[in-house]
Asker: 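Once you've had a glance at the structure underneath, I'll fire off some questions.
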Amino acid sequence: MIRRLARVAEAIGGGGLALLALLLLAAGSAWFLRDLRHTLEDVEPEDDTTPTLTADHYSGRQMNAAGDIQYTLTGPHLERRPGQQGTLIDQPVMHTFTDRRPEWEVHADTGWVAADNSVIELREAVRAERPAETGAMPLLLTTRNVRLIPERRYGEGAEFARIDSPGGVATTVGFRVWLDENRIELLSQVRGTYDPPKR
Amino acid sequence: AASARALPEDRQQPVNLVADRAELNQNTGVAVYEGNVVVTQGTMRLTGDKVIVYTKNGEFERMESFGKPTTFKQKPAADKEEMFGEALRLDYSATTGVVVATTKAKVTQAKDVFTGDRIEYDVNKDIVRAQGKPNERVQIILQPRPEGGTAPAAPAKPQAGTPAQPKK
């Protein structure tokens, strides 16, 4: 490669040598700049988190296939992120419904809803209450970080949880709850206290 | 140390449970506790592998305990010896205060021992009713009382089944 360049230089004389050097330098720089830009572009984050939708003091409702209300979700602020990143919610308040009647009222510090609404995560402190007015036994569940699957009316948590009911208190580490069956599994370190029957 | 609470107050105490895991069903009022289950109520203490608690309107009504064996102990009265029971199954009613031990049942109070297929212990009256099977008599071992010692739970009249006869 170098011998060929030398013959070209001889042909166009000394002055040409400088010109040839310049051409080489330019070609090299262009290659270098293209490579640099390519590298920089790689650094550019693919996953843009700029919200595609924000809402303040919002209220949303989810219907089920039969057209009945499944749950409502309200809160001071939400942000939907692009693609599959889902929706982030501040201080969500969720109301679940059974046969169109309100049942559970759930509060959390923050929340996240999957892009396809299949999963809801209630994050940090969580308080779920079923008041006596619902006609079912009143219950109060306090815990942290709960994962809900609305379609199956199912929820689970892996942390300490306390369940207060009129007859007593139960605590556990880890639980799973099936709302339709009114059934809750306490997964470990279970403590229970029952009030004695009143005479 | 705090004197052991006499029995009548036991049943006014809250029932406390400890277990490895549990399943609570609000529709049926049944709670199943499993794994190293310990239930206490005043001086009463019950242990089992699996304990099923039945509640009514959230109130503790009765429980069934299963184990190999499941054990039970309680102090009938401040001046009475503790009563120990064991069996493969124990049924305890919070409302009547009666404990029924079935299958390999054994009740011990002081040095007196009752064994049989089914032993019922009435915590209120401090009475033991033991029942055998045709080929398995009730066994009762009554130790002589030291002078002035307190009498143990009096064995009730033998049931219609095999009569309760002291061991020869």
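Throughout, a chain's letter reflects where its sequence line sits, starting with A, and its residues are numbered from 1. What you see below is based on every heavy atom in this structure, not just the backbone, and it leaves out hydrogens, waters and symmetry mates.
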Asker: A:F97, A:L141: one ILVMFWY side-chain cluster at the under-4.5 Å cut-off?
Answerer: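 Unlinked, A:F97 and A:L141 end up in two clusters.
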Asker: Salt bridge between B:E23 and A:R183, side-chain N to carboxylate O under 4.0 Å?
Answerer: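 The answer is yes: the pair qualifies as a salt bridge.
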Asker: Counting only heavy atoms from other residues, nucleotides and ligands, does the tally under 6.0 Å from CZ of A:R81 exceed 12?
Answerer: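 It does: A:R81 CZ has more than 12 such atoms within range.
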Asker: Would A:R191 and B:L17 count as a side chain to side chain contact (heavy atoms under 4.5 Å, CB included) if you check the C-alpha gap in whole Å, the side-chain angles of each, and the deciding distance to 0.1 Å?
Answerer: CA-CA 5 Å; A:R191 303 284 180 278; B:L17 277 126; over 6 Å; no
Asker: Side chain, backbone, both or neither: which part of B:D20 has a non-hydrogen atom closer than 4.5 Å to chain A?
Answerer: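 Interface part for B:D20: backbone (N, CA, C, O).
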Asker: For A:T193 and B:P14, work out which heavy atoms get closest and say how close.
Answerer: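 Between these two residues, the closest heavy atoms are CG2-CB, 3.9 Å.
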Asker: Is there a continuous path of hydrophobic side-chain contacts, each under 4.5 Å between heavy atoms, that joins A:F175 to A:I163?
Answerer: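 A:F175 and A:I163: one cluster.
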Asker: Give a yes or no on whether A:E151 atom CD has more than 12 heavy-atom contacts from other residues, nucleotides or ligands under 6.0 Å away.
Answerer: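 Result for CD/A:E151: open.
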Asker: Treating Ile, Leu, Val, Met, Phe, Trp and Tyr as nodes and any side-chain heavy-atom pair under 4.5 angstrom as an edge, say whether A:V119 and A:L88 lie in one connected cluster.
Answerer: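 Yes, it is one cluster - the side chains of A:V119 and A:L88 are joined through contacts under 4.5 Å.
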Asker: Determine the option with the most heavy-atom pairs under 4.5 angstrom with chain B, choosing from A:S188, A:G168, A:P166.
Answerer: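 Top option by heavy-atom pairs under 4.5 Å: A:S188.
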Asker: Taking side chain as everything from C-beta outward and backbone as N, CA, C, O, which of these in A:E185 sits under 4.5 Å from a heavy atom of chain B? Side chain, backbone, both or neither.
Answerer: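 Interface part for A:E185: both.
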Asker: Using non-hydrogen atoms only, which part of A:L187 is less than 4.5 Å away from chain B: side chain, backbone, both, or neither?
Answerer: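 For A:L187, backbone heavy atoms alone lie under 4.5 Å from chain B.
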Asker: Considering residues, nucleotides and ligands other than A:E124, do more than 12 of their heavy atoms fall under 6.0 Å from its CD?
Answerer: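 For A:E124, atom CD is crowded (more than 12 foreign heavy atoms under 6.0 Å).
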Asker: Taking the side chain as C-beta and beyond, is there a heavy-atom pair between A:L186 and B:R21 under 4.5 Å?
Answerer: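 Side-chain contact under 4.5 Å: no.
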Asker: Do you know the tightest heavy-atom contact between A:A170 and B:L24?
Answerer: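 That would be CB-CD1, 4.4 Å.
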Asker: Membership question, hydrophobic clusters at under 4.5 Å side-chain separation (ILVMFWY): are A:I120 and A:W112 in the same one?
Answerer: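 No, no single cluster joins them.
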Asker: Are any non-hydrogen side-chain atoms of A:D195 and B:F60 less than 4.5 angstrom apart?
Answerer: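 No, side chains not in contact.
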Asker: So does A:E181 get a backbone contact from the side chain of B:N27, meaning a donor-acceptor N/O pair under 3.5 Å?
Answerer: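 Yes, B:N27 side chain to A:E181 backbone: donor-acceptor pair under 3.5 Å.
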Asker: Cluster question for you: counting only ILVMFWY and a side-chain heavy-atom cut-off of under 4.5 Å, with indirect links fine, are A:L73 and A:L179 together?
Answerer: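 Yes: a chain of side-chain contacts under 4.5 Å links A:L73 to A:L179.
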Asker: Measure B:V53 against the heavy atoms of chain A and call it side chain, backbone, both or neither at under 4.5 Å.
Answerer: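 Only the side chain of B:V53 comes within 4.5 Å of chain A.
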